[in-house]
Amino acid sequence: MQKINREVLINKANELLSNGTINRVFGWEKGDFSYDVTPTIYFTADQMNKKFIFDDFCGANFSKYLVAETKKDQNKVGVFLKPCDTYSFNQLLTEHRFDKEKVYAIGVPCDGMVDEKKIKAFFGEGISSITSEGDEIIVDTLYDGVKKVKKADVLQERCQNCKSKKHVYYDELIGEDGEVLDSNRFDEVEKLEKMTADERFAFWQNELSKCIRCNACRDVCPACTCEKCVFNNPNSGVENKSPANEFEEKMFHIIRAFHVAGRCTDCGECSRVCPQGIPLHLLNRKFIKDINSFYGNYQAGEQEGSRAPLTNYTKEDLEPSEAVNKGDN
Amino acid sequence: MQRIGVFVCWCGSNIAGTVDVKAVAEALKNEPGVVHSANYQYMCSQAGQELIKDAIKEHKLTGIVVCSCSPRMHEGTFRKTAEAAGLNPYMVEIANIREQCSWIHKDIAEGTEKAIVLGRTAIAKVNLNAPLMAGESPVTKRALVIGGGIAGIQTALDIADAGFEVDIVETKPTIGGKMAQLDKTFPTLDCAACILTPKMVDVAQHEKIKIYSYSEVVDVRGFVGNFEVTIKKRARFVKEDICTGCGLCTEKCPQKKVPNEFNLGMDNRRAIYIPFAQAVPKVATIDPNYCTMLKTGKCGVCAKVCTANAIDYTQKDEFIDQKYGAIVAATGFNPISMEKFDEFAYSQSKDVITSLEFERLMNAAGPTAGKLVRPSDGKHPQKIVFVQCVGSRCAACAEKGKEYCSKICCMYTAKHAMLTRDKYPDTDVTVFYIDVRTPGKNFDEFYRRAAEEYGVHYIKGMVGKISPEGDKLMVRASDLLANKQINMEADLVVLAAAIEPDKSARPLATMLTASMDTNDFFTEAHPKLRPVESPTAGVFLSGCCQGPKDIPETVSQAGAAAAKVIGLLAKDKLKGNPCVAHSDEMMCNGCSSCEKVCPYGAITYEDKEFRGPNRTTLIRRIAKVNEAICQGCGCCTVACPSGAMDLKGFASKQIMAEVDAICK
Amino acid sequence: MQVNEFKPKIVAFCCNWCSYAGADLAGSNRLAYPAEVKVIRVPCSCRVNPMFILRAFQRGADGVIICGCHPGDCHYTSGNYYTRRRMALLFSMLDYLGIEKGRTRVEWVSAAEGAKFAQTMNDFVQTVTALGENKRLEDLRCKK
Amino acid sequence: MRKCLLQNQNKLFDQISSFASLYIPVETTGGNASFKKYEQGMVMSDVLKTDRSPKDLFFPQTENLMEFKTSGKNIEVIDNRKESEDFVVFGVRGCDVKSFEVLDRVFLVEPVDTYYATRREHGIIVSMACGRPAETCFCQTFGIDASAPEGDIVCYKTEDALYLDAKTEKGKNLLSKLADVTEESDGKEALKQKEQIKTVLAKLPLANLKADSFGKDKTKEFFDAPEWQILSKSCLGCGTCTFVCPTCQCYDIKDFKTKDGVQRFRCWDSCMYSEFTKMSAGQPRLTQLERFRQRFMHKLVYYPTNNDGLFSCVGCGRCISKCPISMNIVKVMKALGGIDNE
């Protein structure tokens, strides 16, 4: 397969901008270092030539930005979507969060995004540059010279367990489309399920106690597009600005996961952005795993307009008592 | 801040026996918002109610808590009391300290403590109560019945007899439905036409009933009491008000080769036709698929012979908008297609027919004038095999059949067998069955007569295969009781095809936002207690659109549906339940989660313009609850992730306050 | 034993049409169950938001039980089917977080099942009593 | 200057924790660390930056201010403060030490924030020179020398020892109590390391970032700059930058209904939040652009205007590595300062 580089994407965007299909396009912007890519919006090919980047650190998913952006005017917005981004895109369409007629979606391939935190965990701080060469990542460090690492070892967790390389929505696809993959994404959940309740409690107590309630997980989440979150709403009765204690940490994360249950596409953004490194995706994946095993496989976002499991039922659904005992032997 | 009055009832010794009512009243005095606390022997008595009324006035109470028996008992009573004293009835909360406290606890200390908690909980809730006003909406005093079979006819007649206008919409050129095609009816063997056609005439002549035949419902808007319906009246190319139904055109039309659907294609009719002699309205209809004039512009025979000048080749479909207070679905049923049942050779042999076709063969007005002959060669069949449950009770063959029992087949098959033996005693009749189900008045007697007096052979077992061999049919079946395989020759095989809801039901249900089960039968509001109402307020169910039924059952259900409609139309205004869902449009995302879980279709969406920051405007999709339709279950409130949806009278904050008060 | 001294706090959400009536019937028939159980009346079990359940634990409840009409008998036709899904997922999640699974329960109690209501409550109180105080979802501020 | 051999490091910690609470950076997961209360056997992490700054120890994320208790219709006010015990924070980086000056200028001016003041009074800061500054470091921009941090005691860590240099009375007092586990030293090793650090600092990618164009009284210059539009474009409005920032000091005061009363507490707030400083008429900054601008203008212009030109950014670089969308003060400075626009 031909490697899709930034020039191909810039050319495509330029073509769409100049023929009037779109008047602006969401794209990634290179930063001061090799890894601090920022999502931004471009109005001209010139801007793109200067700042656009498409590399191993373009993890940011633009789908959620479309909710606000498409409401601004009548022009079409262009957007680059990686396979997993298209699931979020579809889910937002299902929930009527924006009008797809106002978006021109350009599907771009993805062979996994690199987690700079993992690189730093390997080599420590002080990274001068990161480049990729085949399946290797070459890291130039401030103190220890040039190091190499297998890309597979420093991929983001969500990419190591990639569920699909297939675009479920696009107006135009660049490169060839991939397949839905068999992933091991539930392994970690299963590992936790196999622990005793006490061990699980200790695990989550430790993880969730790190939470600083910065709301990054929620604010980046493409399923969290509420006009006003219940946790921000003084009238909801559950509003709080910071976790005053262990209960509030749990409350926030349980309710957040519940609110996106059946709607979460497992894009993994929550865990990627958590400044405290809490494996939040393990909460969402538990719901996904349960939904799959209780009500049949369901992938949110796979099909526009599909009915989420929590807004559906069958007369033969299992009882809550059976649900909690399912993991027991 | 509320000014709350607490009234603790003794209920004689029922409460006071295990709860120290005075201590409860004393303790609740200190709760936030409470300005008055009293106790009395019987709060629900006249004197007790007066005590409450006086306290409301004297202490300017804004809310009251009555600690008494279950709200299911006296909530209504105390709401009226409050209302009489000028307080909004929904500012009343009941603490159930009898059924859920004094009656189950023996220890006074324990009972008293719990009663205080329950009182505190009710106070916490009433602190957050807001006056609620039940919305009112006018009722359009006209009903729409969709479907003109026996179900629709009976419903329409009953409603019209009560003095309300009724419109019947029927897709066929005539009303009458399936019953008009039947020969005799079980278990009395009276002729279907003899009992149906007078009713059809009654409908035609009733001043309160209007029939839209050859028409269909294409759009339904509005809600209970206020439906707006668009009816499409298809062009029949004959002026309905002028045609006398003389039938001359139907004799002169040169296009003779049109399969006659009334006789299930077993004979032909003309391109202009009247379905049957007693059709209502008795008006000719031109079939545009076959009329040469309409297709090529050359012919015009019917126009020439029509002395009334009723033919109009330029007629167009007409759309009529009408308002209704209630809608009755009576869309009926059809036998399922036999195409997929290859094992029964329905498509291969003309002599394998369905029971409905058999009805026409036996009918004096049918294609053979009532003479039972084989469709293939016109010969009299010597040996007839009836196969029951074809496509019914068929869990394994869901792709072609139905899981449910079609309910009527056992009885009509017994009828067919009996009639055959009665008319043609030389004919050998065998019925293959899984079970014979006869739960109806005089049903079992009827079946036993067929088996015992008329010598019909009943064999318990399924037919595996039917294959044409020469001019005979070979029936391979199993006899479960004798535990052996049977090979049997037959001249005619009659399949008791399962029945399914008419195909028009599904799109209609969508228009009505009425729910359906997986088989496309309409769902009842409650399977036991509200069997003729759909969960959608103002939509009622009559006949087989709700489930398989025989004629007596259909008629009684039709009457029940009519009674419900009359009850609704008799009201000038509908008072809603004020405890309904409400969406805060500032918080709503328009995500449709609430709409999906609403059992009543009470939620719709609209694009609304909002003022954005810095003098911008933006359009957002938001949910709207129709308070006349919402029944107040609250399912939407949990489906809503943003908490925009709340339930009046059971608001999230109120419930959380109750939780807090209990757990304190 | 100290365990016997412990009296758990139990919040029972009951739907207005079946379970609340079932609780009333238990009362009418004088079928005793512990006073620790306090009922909150909701129109339908589907009105119960997971937030209410967590709220109850936060505020000091040791067990939360939700009672509704039997599946198929919901006054609103489908409410309890949604309850069933929501609670199956929520309870499984609480278990996943290491919260004792005995503390939450869903039970279908019809208006005719006064005896079942009393028996269910007796059984639930016993289960929760054996588990002891709710420590894993408590908020100490609410005990002050 | 006193020297403590690394093999005695834990003896040193044990000694300190015998008379005061001790907080040291402890490694959590791969390359991350946070300040934890020392317990015997804990290992001090060499990770450059803790996830959260030591600000937490003086200005915790949530802090109870007082309680109200109701009984019947009476209310009782209870003062429940208990922040008056001595504590030592060990291993604070130069940037983070500087952050206390920024916070002091807010909390210690009239009206004095007595909760913060008491903690400052009772807290002793042992700073740590940065052996290996990272690419995200830009403390030099704000005149901070990572090779010579401030603090009550300054510490240099070499391959085999800690060198401790008391700078204040508090620091001297503490060091005097640690005579058993330390020895006197000429500090040559420390000086050597200091020089080494200086050479590294000069080579850092952000070494030449200048804040000169910002500062006092520059409001008009930057407030309506068109760059804000595109810079704030992708801001999610989360509070990550503010919560990991050592100098952000905004908080909200809230009441929590307890069993029989109310607990009044304060908790960090973020100017990035749509609910920040919400009043009856709504929040004054309606769009994320305005909220985004507020944060950076405050760091670079408003605060210096009110505080003799002192910036309220110390260049720790936490926001650079933690922002979900990698927008940060460096990008803002470059864009507004013209560096990025050539």
Side-chain angles (χ1 to χ4, degrees), chain A residues 189 192-193 195-205 207-208 230-231 236-238 244-248 250-255 257-259 261-262 282-291 293-295 309-328, chain C residues 45-46 48-60 64-66 68 70-74 77-108 120 124 127 131 134-143:
Chain A
V189 176
L192 277 164
E193 285 171 341
M195 292 181 182
T196 65
D198 290 348
E199 287 166 343
R200 281 199 297 272
F201 182 74
F203 174 84
W204 284 112
Q205 184 88 333
E207 289 297 343
L208 296 181
V230 288
F231 288 101
S236 71
V238 296
N245 57 24
E246 289 158 356
F247 175 83
E248 288 192 341
K250 293 190 196 95
M251 174 84 172
F252 174 76
H253 290 290
I254 296 171
I255 295 299
F258 187 82
H259 278 179
L282 293 179
L283 292 176
N284 300 318
R285 273 193 198 153
K286 169 66 177 170
F287 274 133
I288 296 172
K289 181 173 179 284
D290 279 352
I291 284 168
S293 80
F294 298 168
Y295 312 120
L310 273 169
T311 58
N312 211 347
Y313 66 89
T314 70
K315 291 181 178 171
E316 293 78 30
D317 283 343
L318 87 173
E319 292 293 326
S321 56
E322 295 168 318
V324 288
N325 288 325
K326 235 184 164 181
D328 293 1
Chain C
S45 60
C46 68
V48 180
N49 196 310
M51 285 195 272
F52 302 162
I53 296 167
L54 296 182
R55 174 81 165 211
F57 285 124
Q58 175 186 25
R59 289 276 150 185
V64 178
I65 182 164
I66 298 158
H70 284 270
D73 290 347
C74 176
T77 66
S78 54
N80 51 6
Y81 289 127
Y82 292 107
T83 307
R84 191 160 63 173
R85 281 209 168 182
R86 290 166 183 165
M87 295 310 148
L89 289 173
L90 178 72
F91 292 179
S92 176
M93 176 54 81
L94 292 178
D95 177 41
Y96 183 66
L97 291 171
I99 315 299
E100 305 92 334
K101 47 189 160 191
R103 293 197 190 278
T104 47
R105 191 181 288 189
V106 168
E107 202 73 54
W108 312 120
T120 300
F124 188 57
T127 309
L131 286 171
N134 157 39
K135 290 275 181 204
R136 295 189 168 178
L137 274 178
E138 73 180 346
D139 187 333
L140 286 172
R141 295 174 298 178
C142 302
K143 301 203 166 159

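Residue numbers start from 1 in every chain, and the chains themselves are labelled A, B, ... in the order their sequence lines are given, proteins ahead of strands.
- Of all the listed residues (I291(A), T196(A), L208(A), T311(A)), the one sharing the greatest number of non-hydrogen pairs under 4.5 Å with chain C is T311(A).
- Within the 4.5 angstrom heavy-atom criterion, only side-chain atoms of N245(A), from C-beta onward, approach chain C.
- For a residue to count as touching a neighbouring chain, one of its non-hydrogen atoms must lie under 4.5 Å from one of that chain's; by this rule E248(A) touches chain C with the side chain only.
- Cation-pi contact between R103(C) and F57(C): absent, since separation from the ring centre below 6.0 Å together with deviation from the ring axis within 45° is not met.
- Of the atoms belonging to P50(C), heavy atoms from both backbone and side chain fall under 4.5 Å from chain A.
- Most heavy-atom pairs under 4.5 Å with chain C: of the set I255(A), V230(A), V238(A), this distinction falls to I255(A).
- Listed by chain and residue number, D95(C) satisfy the salt bridge (Lys or Arg N to Asp or Glu O under 4.0 Å) test with R200(A) (two or more places apart in sequence, or in another chain).
- When heavy atoms are compared at a cutoff of 4.5 Å, R105(C) does not approach chain A at all.
- Each of D290(A), L282(A), V324(A) was checked for a side chain to side chain contact (heavy atoms under 4.5 Å, CB included) with Y96(C), and the lone residue meeting it is L282(A).
- The shortest heavy-atom contact between R84(C) and T314(A) is NH2-O, 3.2 Å.
- When each of R55(C), Q58(C), M87(C), R86(C) is checked for heavy-atom pairs under 4.5 Å with chain A, Q58(C) comes out on top.
- Using a 4.5 Å cut-off on side-chain heavy atoms (C-beta onward), L54(C) and F247(A) make contact.
- Counted by atom type alone, T83(C) and N80(C) present zero donor-acceptor pairs between their side chains at under 3.5 Å.
- Residue L94(C) touches chain A through its side chain alone, counting heavy-atom pairs closer than 4.5 Å.
- For K315(A), the parts sitting under 4.5 Å from any heavy atom of chain C are the backbone and the side chain alike.
- With salt bridges taken as basic N to acidic carboxylate O contacts below 4.0 Å, none links E246(A) and R136(C).
- Both the backbone and the side chain of L310(A) come within less than 4.5 Å of a heavy atom of chain C.
- Contact between S45(C) and G68(C) at its shortest, heavy atoms only, is CB-CA, 4.1 Å.
- Heavy-atom pairs under 4.5 Å with chain A peak, among E138(C), M93(C), E107(C), at M93(C).
- E316(A) touches chain C through its backbone: at least one of N, CA, C or O sits under 4.5 Å from a heavy atom, while the side chain does not.
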